[in-house]
Amino acid sequence: MNIILPINPKHIKKIISGEKKYEYRTRIPQNPVDKIIIYETAPTKKIVAEAEIIEIMSLPPKTLWEETKDFSGITKEFFDQYFKNKDIAYAYRLGKIKIYDTPLDLSNYGLKGIPQSFVYLPFSN
């Protein structure tokens, strides 16, 4: 199963360059997920790539930072603010990235609006 995940353009650039190998989240899907379909938020507002999920990490924030900081693509301050008051922090460890030649609209996946955190896709496009 796949999910569509909205990601800020500055983070997508770092994912594509390999500087960012972890995508952090405060929530994760309950069902197993193989791939993230990457929706680039404003100003692009398109699906631009997909990323293989190697693993989903679930750890206390301090531990997660220590294990992922070398390829976090973000500052410690940003990380700490994002997970402020959270007991558990999540990170998708990203594998192979496929950049789409032509970015796609959400409507290509039957969606009318941006997913708040993620949305399941039972298929690949």
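The model shown is predicted, which means the values in this text are computed figures rather than measured ones. Atom set for the values below is all heavy atoms of this structure, side chains included, hydrogens, waters and symmetry mates excluded.
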Applying salt bridge (charged side-chain N to carboxylate O under 4.0 Å, His left out) to Lys45 and not counting sequence neighbours gives none
Distance-only criterion, 3.5 Å: show the donor-acceptor pairs between side-chain atoms of residues 82-97 and protein atoms not counting sequence neighbours.
from: Arg93; atom 1: NH1; to: Glu55; atom 2: OE2; distance (Å): 3.4

message = With a 4.5 Å cut-off on side-chain heavy atoms, are Phe79 and Ser72 touching?
response = no
Heavy atoms of Lys69 and Glu66 approach each other most closely as NZ-OE1, 3.0 Å
The residue among Ile12, Leu111, Leu5, Ile114 that forms side chain to side chain contact (heavy atoms under 4.5 Å, CB included) with Tyr39 is Ile114
Hydrophobic cluster identity match, Ile54 and Ile16, side-chain contacts under 4.5 Å:
no
Review point. So if you build clusters from Ile, Leu, Val, Met, Phe, Trp, Tyr with side-chain heavy-atom gaps below 4.5 Å, do Ile7 and Tyr120 land together?
Key: yes
In short, Ser117 meets Pro6 closest at the heavy-atom pair O-CD, 3.4 Å
| message | Tell me whether Asp80 contacts the main-chain N or O of Glu77 through its side chain, where contact means a donor paired with an acceptor under 3.5 Å. | response | no
In residues 57-64, what donor-acceptor pairs under 3.5 Å come from side-chain atoms, sequence neighbours left out?
none

- Hey, does the side chain of Ser107 reach the backbone of Gly110 with a donor-acceptor pair shorter than 3.5 angstrom? no
Tightest non-hydrogen contact, residues Lys20 and Gly73, listed as CB-CA, 3.9 Å
ask   = Salt bridge between Lys35 and Glu52, side-chain N to carboxylate O under 4.0 Å?
value = no
When the aromatic ring centroids of Tyr22 and His11 are compared, is their separation below 6.0 Å?
no
Closest non-hydrogen atoms of Leu121 and Tyr109, given as atom of the first, atom of the second and distance, are CD1-CD2, 3.4 Å
Shortest non-hydrogen pair, Phe118 vs Ile28, comes out as CE2-C, 3.9 Å
To the nearest 0.5 Å, atom CG of Asp34 lies from atom CG of Asn31 at 11.0 Å
Give a yes or no answer on whether the side chain of Asn2 reaches the backbone of Ile36 with a donor-acceptor pair at less than 3.5 Å. no
Output yes when a side-chain donor or acceptor of Thr44 lies under 3.5 Å from a complementary backbone atom of Lys46, and no otherwise. no
Does Ile47 reach the side chain of Asp105, with side-chain heavy atoms less than 4.5 Å apart? no
